[in-house]
Structure formats: C-alpha cells, structure tokens
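Along the sequence shown, residues are numbered consecutively beginning with 1. Small disclaimer: the values here were computed from a predicted structure and weren't measured.
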Amino acid sequence: MARVKTTLVSWEDVVRWSRGLASKIKASGYMPDVIIAVARGGYVPARLVCDFLTINNLVSIQSQHWTEAAKAEERAIIKYPYKIDLSDSKALLVDDIVDTGESLLLAKNYIQKNWNPSEVRIAVLQWISSAAKFRPDYYFMEVKEWVWFQYPWTRLEDTYQFFKRILSEESKYGKVEWDFNGLVKKFVEWYELDVGEEYFKDAIGLLMEDGILRKENGKYVYLGSK
Ligand code: AMP
C-alpha cells in the first residue's frame with residue numbers, strides 16, 4: 001500500500017476555516033433555516049458554522065464512503081435512511097471535504113427526495129477540485145493536488161490505519177519486531193506527519209487490543225493484520 005501525502009490539521013485551523021466558510025455563506029445572502037451535518041466528518045464544521053451564522057437548527061445524516069483513512073469504498077450509502085419534514089426550509093449541508101463528492105451527492109439527493117426542503121446548498125472546508133465530481137456552493141479552500149487531510153476528529157483512527165499499513169508493508173521485507181521509537185520514526189518518515197506521543201501510544205494500544213501487535217520482551221511483535 002502506497003504512502004499517501006498528508007496535511008496535519010489543528011483545531012485552530014478548523015475554527016479559522018469554519019469562520020471563513022461562514023463568512024462566505026453570509027456574504028452570498030443565503031440564510032439557511034437548518035444545517036445538516038454530514039456524519040461523521042461534517043459534525044465539527046457544521047456546529048461551528050451554526051455558531052458563526054447564529055443558526056439553532058442542526059440535524060444530521062450519515063452518508064458513508066470512505067471507511068478507512070485514504071482508502072475509498074466502492075460506493076456511498078446512507079447509513080440510517082430516516083425521514084424528517086423540512087418543507088419550506090432552506091437547508092445547508094455541511095461536510096469537512098469534497099473529495100470524490102460521492103457521499104455528498106448521495107446525501108443531497110436523499111434529502112431532496114425524502115426531506116422535502118425548499119432548497120439545499122452544500123458547504124465544505126475543502127474542495128479537491130482535481131478529484132471532485134462537482135463544485136460545492138461554498139468552500140473555504142480549493143485544493144488542486146490530492147492530499148489526505150488529517151483532521152483532528154480522525155486522528156486516532158488514521159494513526160491506527162497508517163500504522164497497520166506500515167506494519168504490513170514492512171513485514172514483507174521481514175521486519176516484524178519494533179520498539180516504540182522505531183515505529184514512530186517509520187510513521188513520521190512515511191507520512192511526514194507527527195500526531196504526538198499520546199496518539200502514537202493510543203494507536204499502538206489499539207493494535208495490541210486487536211491482536212495485530214503483541215509485546216514480547218519489551219518489543220512490539222507484528223502478528224499480521226486482521
Ligand atoms: P467523498 O465522498 O469522496 O467526497 O469523501 C467522503 C468523506 O471521506 C469526506 O467527507 C471525509 O470525511 C473523508 N475524506 C475523503 N477524502 C478525504 C481527504 N482527502 N482527506 C480527509 N478526509 C477525506
């Protein structure tokens with residue numbers, strides 16, 4: 001599995017970007033009655049956009065496409081296809097990023113058909129214009145070259161997945177025994193990403209819980225991926 005290009009996103013970045021996104025929405029004159037957070041990546045930006053636009057109505061829909069860091073599933077699905085009545089409401093779908101755009105397109109279609117709002121627009125922090133199937137109505141940042149945004153809300157999940165890939169790849173060359181610093185060094189080398197000691201420790205802890213790593217004589221031994 002190839003190493004992917006990543007960008008580490010801080011909580012401060014998220015607040016700054018969400019504020020910037022909200023100002024673009026405000027400047028356009030669109031005042032949504034309800035914000036729909038696209039789970040899971042849209043939760044934090046959606047809540048912040050509510051704050052910056054003083055909007056009280058926030059609901060959510062889970063449209064899922066990527067289940068693992070930087071690895072797309074074949075197609076997107078609406079995980080809980082429930083119905084609510086948004087008749088006569090202007091809605092704003094908020095997500096972290098439009099990459100392929102599959103999950104947002106699906107969410108928008110589902111909402112138009114089943115929730116019946118008078119209008120739906122889409123707002124995201126990042127728009128990967130080279131990969132996306134459409135251009136969102138509002139975006140804070142256009143990204144021309146594909147990169148994996150390591151958002152703070154997937155830090156542990158991504159660290160875990162990235163470690164799994166390193167361990168699996170390195171085991172092909174016979175490397176199955178690691179110490180903590182060796183694992184961290186490899187991670188930083190592969191992904192040019194330093195998520196901090198706590199996340200490294202938590203991710204390694206999860207790998208042990210899942211039986212992917214075992215500690216023997218002070219070393220972490222790779223047992224194969226589950
Ligand atoms: P997509 O349907 O391809 O537009 O992506 C669906 C979801 O996967 C996004 O809302 C993100 O939560 C996650 N995702 C996809 N691509 C990226 C990326 N390049 N960086 C970070 N998260 C991503």
**Nonpolar side-chain network containing V59, other nodes, edges under 4.5 Å** = V34, I36, V38, I61, I78, Y80, Y82, I84, L86, L93, V98, L104, L105, L106, Y110, I111, W115, V120, I122, V124, W127, F134, Y139
**Request:** Taking all non-hydrogen atoms of both residues into account, name the closest pair between S18 and V49 and its distance.
**Result:** O-CG2, 4.1 Å
**Message:** Do R3 and Y191 form a cation-pi contact, if we require the NZ or CZ to be under 6.0 Å from the six-membered ring centre and within 45 degrees of the ring's axis?
**Reply:** no
**Message:** Minimum heavy-atom separation for L53 and A22, please, with both atom names.
**Reply:** CD2-O, 3.5 Å
**Message:** Taking the basic N atoms (NZ, or NE/NH1/NH2) and the acidic carboxylate oxygens, is any pair closer than 4.0 Å for E170 and K172?
**Reply:** no
**Message:** So, using ring pair (Phe, Tyr, Trp, His ring centres under 6.0 Å) as the criterion, who are the partners of W153 when residues are at least two apart?
**Reply:** Y151
**Fill in**
Shortest non-hydrogen pair, K83 vs N114, comes out as CE-OD1, 3.2 Å
**Item:** Pair R165-S225, side-chain contact (heavy atoms from CB on, under 4.5 Å): steps then yes or no
**Value:** CA-CA 9 Å; R165 288 180 205 172; S225 276; over 6 Å; no
**Prompt:** Are any of the side-chain heavy atoms of E102 and S63 separated by less than 4.5 Å?
**Reply:** no
**Request:** Would you please test Y138 and V94 for side-chain contact (heavy atoms from CB on, under 4.5 Å) and show each step?
**Result:** CA-CA 9 Å; Y138 308 100; V94 177; over 6 Å; no
**Asked** Would you say the side chain of R19 lies within less than 4.5 Å of the side chain of L48, judging by non-hydrogen atoms?
**Response** no
**Item:** Cluster check V221, L183: I/L/V/M/F/W/Y, side chain < 4.5 angstrom
**Value:** no
**Item:** Sub-4.5 Å side-chain heavy-atom contact between F162 and V4
**Value:** yes
**Contact check, side chains of Q150 and V9, non-hydrogen atoms, under 4.5 Å** = no
**Request:** Any side-chain hydrogen bond (donor to acceptor under 3.5 Å, both in side chains) involving residues 46-62? Give me the pairs, sequence neighbours left out, ordered by first then second residue.
**Result:** Y43-S60, Q62-Q64
Acceptor/donor pairs from residues 192-201 side chains to any protein atom, 3.5 angstrom cut, sequence neighbours excluded:
residue, atom, partner, partner atom, Å
D194, OD1, G196, N, 3.0
E197, OE2, K201, NZ, 2.9

**Prompt:** Looking only at atom types and distance, does a side-chain atom of S89 sit under 3.5 Å from a main-chain N or O of A91, one as donor and one as acceptor?
**Reply:** no
**Asked** Side chains of I128 and S130: closer than 4.5 Å at any heavy-atom pair?
**Response** yes
**Request:** Answer yes or no: is there a donor N or O on one side and an acceptor on the other, between the side chain of D95 and the main chain of G42, under 3.5 Å?
**Result:** yes
**Asked** Considering only heavy atoms from C-beta outward, does the side chain of S118 approach that of D88 to under 4.5 Å?
**Response** no
**Request:** Could you grab the distance from atom OG1 of T6 to atom CH2 of W148, nearest 0.5 Å is fine?
**Result:** 11.0 Å
**Asked** Any donor-acceptor pair under 3.5 Å linking the side chain of S10 with the backbone of D13?
**Response** yes
**Asked** Are any non-hydrogen side-chain atoms of Y30 and K90 less than 4.5 angstrom apart?
**Response** yes
**Complete:** Heavy-atom closest pair (W178 atom, L167 atom, distance to 0.1 Å) is NE1-CD2, 3.3 Å
Hey, can you pull the donor-acceptor pairs under 3.5 Å for the side chains in residues 206-217, sequence neighbours left out?
residue, atom, partner, partner atom, Å
D210, OD2, Y160, OH, 2.5
R214, NE, E216, OE2, 2.9
R214, NH2, E216, OE2, 2.7

**Request:** Evaluate side-chain contact (heavy atoms from CB on, under 4.5 Å) for W146 paired with D99, printing each intermediate quantity in order.
**Result:** CA-CA 8 Å; W146 191 91; D99 186 324; 2.7 Å; yes
**Verify same cluster id: I204, L223 (apolar side-chain graph, 4.5 Å)** = no
**Request:** Inspect the surroundings of NZ in K185 and state if more than 12 heavy atoms from other residues, nucleotides or ligands are less than 6.0 Å away.
**Result:** no
**Message:** Please identify which of these residues, E142, E145, R135, K144, meets the side chain to side chain donor-acceptor pair (under 3.5 Å) condition with S129.
**Reply:** E142
**Asked** Short question: side chain of S168, backbone of K164 - any donor-acceptor pair under 3.5 Å?
**Response** no
**Prompt:** Sequence neighbours excluded, which residues qualify as salt bridge (charged side-chain N to carboxylate O under 4.0 Å, His left out) partners of E189?
**Reply:** K186
**Prompt:** Honestly curious: do L92 and I55 fall in one hydrophobic cluster under the side-chain, below-4.5 Å linking rule?
**Reply:** yes
**Request:** Indicate yes or no: at least one non-hydrogen side-chain atom of T159 is less than 4.5 angstrom from one of D202.
**Result:** no
**Prompt:** Looking only at heavy atoms, which two atoms of K175 and E177 are closest? And how far apart?
**Reply:** NZ-O, 2.7 Å
**Request:** Starting at OG of S171, measure out to CD of E169 and round the result to the nearest 0.5 Å.
**Result:** 8.0 Å
**Prompt:** How about F163 and F187: are their ring centres within less than 6.0 Å of each other?
**Reply:** yes
**Asked** side-chain contact (heavy atoms from CB on, under 4.5 Å) between K79 and R40: does it pass, once the steps are laid out?
**Response** CA-CA 11 Å; K79 207 150 181 207; R40 295 173 295 161; over 6 Å; no
